[in-house]
Structures are given as C-alpha cells and as structure tokens.
2 protein chains.
Amino acid sequence: MAPKSKPTIIDVARVAGVSVTTVSRVLNGGKYVSPDKLAAVQEAFDKLDYQPNLHARSLAGERAYLIGLLFDDPRGDYLSGMQRGTLLAGQKADYHVLVELLGRTGTLAQMKRLISRVRLSGVILTPPVCDHTSLLNTLVRHHIPAVRISPSSDFPGIPSVKIDDYAAATEMTRHLITLGHRKIGFIIGDPEHADARERQRAFNDALAKAGLEAKPEWVAEGGYQFSGGLTAARKILSQPDRPTAIFASNDDMAAAVIAVADEMGLRVPADLSVSGFDDTSLASAVSPALTTIRQPVEQMAMKAVEILLERISGEKPETETPVMMGTKFVRRGSTGPAPQ
Amino acid sequence: MAPKSKPTIIDVARVAGVSVTTVSRVLNGGKYVSPDKLAAVQEAFDKLDYQPNLHARSLAGERAYLIGLLFDDPRGDYLSGMQRGTLLAGQKADYHVLVELLGRTGTLAQMKRLISRVRLSGVILTPPVCDHTSLLNTLVRHHIPAVRISPSSDFPGIPSVKIDDYAAATEMTRHLITLGHRKIGFIIGDPEHADARERQRAFNDALAKAGLEAKPEWVAEGGYQFSGGLTAARKILSQPDRPTAIFASNDDMAAAVIAVADEMGLRVPADLSVSGFDDTSLASAVSPALTTIRQPVEQMAMKAVEILLERISGEKPETETPVMMGTKFVRRGSTGPAPQ
DNA sequence: CTGTTAGCGCTTTCAG
DNA sequence: CTGAAAGCGCTAACAG
C-alpha cells in the first residue's frame, strides 16, 4: 500500500511497447496513431493507473490544462454560482481551476505576475474584473484566451456570455403593471454596471409604454447591496405619495425593501409589492419569498468554459456577439394586486 | 509593448553575473548566499521583472507553490468565506490556489487523480470532505500536508481549526433564558456533523442547568437547510403548547422559522423569539434581523493556511489539538423578552 | 503512422 | 559560499 512512485509516460511506453511520442499522441487526442497501438497504450494507462503530470505538460507544451477563474471578490451566491459552473465544466473537460483574487488595486500587476508564473490555458472573467480594460489588453497581448461573464462594456476579440437584462426587466415591470400597480418605484443597482442601466431602461420604457409616469422620487440607487437598498427604500417609502410596488434591481436590495416595509408597518404584498432580480438563495429565504428573475448563473459559467475551451483548441470561428442566456420569471409571494 | 518572452532564471543569472544555482538559492530563501551576490540577484529580479515559473519549480522540486482547496460543494456564505480566507492567506505567502470539487461519490479516486496530476504543496479540507477518512489516509500516505476546517471526527496527524460550538451554543441558550423564555425549542442541524451535536448538547445542558425542561416536541431536525428548517419549524410550532423561542442551529433554518412564524401570523420577536448561528449575510437580510453567533470563517481559513504553510516548511512541532477560534454573540432584532 | 531527440525552467546533488 | 551538470515528465519538431 506504499505510494509507489507515480508511473511516468516512459513506464507507459515500456508497458505498451511503443515510444513515448506515441503515448504522448494518445494523450493528446490519439490522432495519427494506429488502432492497435492506441489500444495498447490505453491498456497500459489502465494497468498502471497512469495520470499525466500537469506541470510537465505545461512546461513542455504551451497548454497548461489549467484555467484561471478571476474574481474581484467571490462573495455571494451570484459569484459562487459562477464558480460552481466553472468547476463543473472544467472538471468535465479534465481541466483544473485556479482561482485568483484580483484586488481592486494593482490588478494589472497581479495579472502579469500570474501569467508569468503559471501557464494558464485560458481565463474566465467575472464581473467586475471582466471590464478591466488594461487587464483585457494584457490578456490579448499575451494571447491568453479569455471569456467574460456579464461584462458591462464591449471589448472586441474576447467573447462573452450574458443575459438579456432588458427583456427580463421588461417582463418584471409588466408583471407589476398587470397586477394593477400604477405607482411603481425602482431601485437601481450600481450604475457603473451596464446591467443596472439596462434594467432601469427597461423599467422606464415599460412604464412609458403603459402610459405610466416614472416619478423621480420613486427611484433611488442601492448599489446592489442590502445596506444600499435599505437607504434607497427608506427614501422612496418616506415620500408622502408613495408607490404601491417597488422593483429592486437585485434580491439583496429587494430584501432590504421588505425590511424597511416591515419597520414602517407596511404589509408585503398587501400594502406594497416588492420584486427582485437574480433569484439567489436569499430570494426564497425571505418572508414573503421574492418574486424575481432567475439568472442561470451556473449555466452561464459552464457556457463560458465551453467557449473558452473552443478558443483554446482553436476550433470555431470567433463569436463576437455575446452569447445570450435565457432568464426565467419566478413568481413568489412578494408581489400581489395593487391595493385599492 | 510586445510580450517579450518571459525572462528565465538563466537571464537573471546572466544579468546578475552569477550562476543559476545561486539565483535558485535566492529564490528559495537566500541561505548560503553572500550578501553582495544576493543583492545583485535581487536587483536583476527587479530589472527583468522576473517571476519564477510555477510549473518548472514544481517539476524540478517537490513543492508546487500550489495549495488545493477541497470542497464537496462550495455553496453558501460559509464555504465562500473559507475560500476568501484561503485565497487571502495564500496570496500573502505567494501561493496559488487550486479549487477542486470532490463529488459525493468517487471522491477518493478524484483525489488520487488530482494528486498524481498536480503537485500540491498541501491541501485545505472543508466540511464535509474533511471527514472523509480514506481520503485523509490517502493524503497521509502520500505525505501531503493538510489542515482540516471544522471537522466532525478526530484524525491523528492532521491538524484542524474549529470553533467552540458548545460554548457558543451555551451562550445563545442562556441569552434566551435570560430574556425570560421558559419554553424553548431547538432545531438540530445535520446530526452527522459533530458541530450539530455539540450545539444540541450545549442547549440541553444549559436548559437543565436552568431547571428547564427540554420537551422532545420542541425539538426537530432541519439538516442545516432552509427547507428542512421550514418543516422543523412547522412541526414545532403546530404543537398545542408551543415554545416562545426557538434556537435554530444555523441562520438558514432560523430564517425558515421566521418564514413559518410569518405564515402562522406570529410576530417575531413579540410572540416568538428566533435565534440562529453563523452570522451569514442572510442573518442581516431577513426581517427582523437574526440574533446569532458570528463564526470567524474567513479567519479560520486563514489560520488553516498558516498552519498548513508551517507544515509544508517543516517548522513547528505538530499540533495535535484543534486550534480553537473565538465566536461572537451578535444580538439583533429577532430575539426579545418572552411574552407574558 | 512512428520513433529520436532536444529542450521547457527550475532544483538539487556533488564537487570545489 | 558557489557553480556545473543531471534530471523532473512531457511535447514538439524532425526524420523516417
């Protein structure tokens, strides 16, 4: 039961009765290898329980079988969902995942260090680092394949995966209107992010289309945070003429709206309907549970990895247009008919 | 601005006017190197913006400057807190972190594969994989340093970091008793986990010490999940003689208690006090916010990495007893005086 | 299709 | 204290 020293490609070659080159070929797709040798090699793999050494491969070749997952701060369901997706998809393709925290400052230097220390096959960029322009440029300059998830800006040459924020927010706004609400408030996320702006634009457009007014007093900014949502909700709900529904740009802020309603003695949804966005675990943990938009975060990340692997292997023409993933409207208890 | 090919140790040696061996020595601690050469090498490092290649180091040496973070499922604040801690501490020591998902089945095989593919300097084990005995044995057999976070079982030879669940749960129970509650319910987490059992033991002991009865009808199991908490809360609160306070073993289940109270028309904390454990972000997002126990998850992970690095470098005598981290009682709105 | 042979960039004996 | 040289395990030309 001693950890007999790991078999190397040489052992496999010997056992299979072929050269290391052939073994290497099998390892890398089995092209240009005769069926019988291929079988012999695979048999040797099994027999020896062989696993190629990642570092040796990286050092010798140009690929590293390592994908980098870059975060600014992997907090919250949204980001950990991305990680799960990346891990799952990476695992399926036999890639390992290196997670790296890129601080708010010195990001570029950190990236450069990372690049020269580790040979990454490619990287997945989560928000907000996916919008760090000089970082993106560095990646391009070093020919490191990358895919961006939910980017705010355009960046030619690097594919991305996102959802249709406009359509989703339109659907939510319509839902509220359909319930009879005429006075609807809105809490913006972080206006730095394109998604936040898109959601608001959809909100405004849907209101206009229904002939409703979007009162500025009913709109506030919450920065996508619970605490910001608290402030925003208080501001909106302390108006003499307050809305009967509030659409918060994410679940955290929607939860904050509920908290404020609670402290003001407003019943949700009887007196005030509240809706969120994302469908994080918080959405169903709050009472009442939030009507929200489910974002397929995990699948987005999986898709991103898929695209990344295509880029790495050099297949497929470059997809310049972002891949759009579908969202799902989720109706729960926090929204109801407008009060009389 | 072209990505000039990265400088290697040879370049550094040439620029510094020394041999690669000397450069390597500097890289590895600078022992047995004269001050002037050391300075020259360091100057060359800066000048060339040199970064040692991880794969080459791993291949040549036995260390990999890579620590493995093993998860069963990195969901939730608790686990992502561990990741943040690991990343932060790893970063500080110039280590990179490879995150690996070890499925519920085939765990051991996955671990073995990982070990033979990647040369990990050491691994951090999060619950529940930290209790996978054969996995631990494999690690030991391969001489891979490891540290366990919040393990349930004992395992000689592998250090661990945990909190004092008993003390924390005692404090919470006393808090409830001090508020005047005499009828207190309890929701157990996953009895497979030692922490869940410890929290319950503390609860029972504290009750007994105060001369209070722990009615079996007031105790239920929630598996540490929101959904389980829902069921448990309904069971407890549907008793004809129901408790005036419920201590849930974690925040998710406590949130579920609030949800159930809500649907039954019970006001929290006026009619029912609710307390949780962990102080995840959920604790402050529900209304009312949860009185809970703050677990220093991030710090625990940082401590774990610290210990791991000591093990890797072979310093320090082996610490067999688990390192205990302090918790903090956090009073919020979900608990209040017992109703008359 | 197949094998030979250089390295990839670093650590590590082993002699000075 | 210092350096020369032998690999670590694998890939990638380059010849057959």
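Below, read A as the first sequence line, B as the second, and so on, with proteins coming before strands; counting in each chain starts at 1.
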Between [atom2] of [N] and [atom1] of [X], the distance in whole Å:
X: A:Asn28; N: D:dC10; atom1: CG; atom2: P; answer: 11 Å
X: B:Tyr32; N: C:dC14; atom1: OH; atom2: P; answer: 16 Å
X: B:Arg57; N: C:dC8; atom1: CZ; atom2: P; answer: 18 Å

- Using 30° and 60° as the class limits, which term best fits the ring planes of A:Tyr65 and A:Tyr95: parallel, tilted or perpendicular?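 If you compare the ring of A:Tyr65 with that of A:Tyr95, the planes turn out tilted.
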[X] side chain, from C-beta outward: closest of [options]:
X: B:Ala56; options: D:dG9, D:dA5, C:dC10; answer: C:dC10
X: A:Val33; options: C:dT2, D:dC8, D:dC10; answer: C:dT2
X: A:Leu59; options: C:dT11, C:dC8, D:dG3; answer: C:dC8
X: A:Ser34; options: C:dG9, C:dC1, C:dG7; answer: C:dC1
X: B:Lys37; options: C:dT2, C:dG9, D:dT2; answer: D:dT2
X: B:Arg25; options: C:dC8, C:dG9, D:dG3; answer: D:dG3

- Nearest-nucleotide comparison on DNA chain C, the residue closer to the 5′ end among B:Tyr65 and A:Val18: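 The residue whose closest nucleotide sits nearer the 5' end is A:Val18.
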- Query: Thinking salt bridges, do B:Asp94 and A:Arg117 make one under a 4.0 Å N-O criterion?
  - Reply: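 A salt bridge is present here (some side-chain N lies under 4.0 Å from a carboxylate O).
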- Side-chain donor/acceptor of A:Ser24 to base of D:dA12, under 3.5 Å: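 Looking at the base of D:dA12, it does not pair with any donor or acceptor on the side chain of A:Ser24 (distance under 3.5 Å).
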- Task: Confirm from the modelled atom types if A:Thr21 and D:dT11 form a donor-acceptor pair under 3.5 Å, side chain to base only.
- Result: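 Looking at the base of D:dT11, it does not pair with any donor or acceptor on the side chain of A:Thr21 (distance under 3.5 Å).
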- Task: Mark yes or no: A:Arg25 above the aromatic ring of A:Tyr32, with NZ or CZ under 6.0 Å from the six-membered ring centre and no more than 45 degrees from the axis.
- Result: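 No cation-pi geometry.
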- Query: Taking for each residue the nucleotide of DNA chain D with the nearest heavy atom, is it B:Ala60 or B:Ser19 whose nucleotide lies nearer the 5' end?
  - Reply: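 Of the two residues, B:Ser19 wins.
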- Message: Under the side-chain contact (heavy atoms from CB on, under 4.5 Å) test against A:Leu98, which residue among A:Ile67, A:Leu69, A:Leu114 passes?
- Response: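 Going through A:Ile67, A:Leu69, A:Leu114 one by one, the side-chain contact (heavy atoms from CB on, under 4.5 Å) with A:Leu98 is satisfied by A:Leu114 alone.
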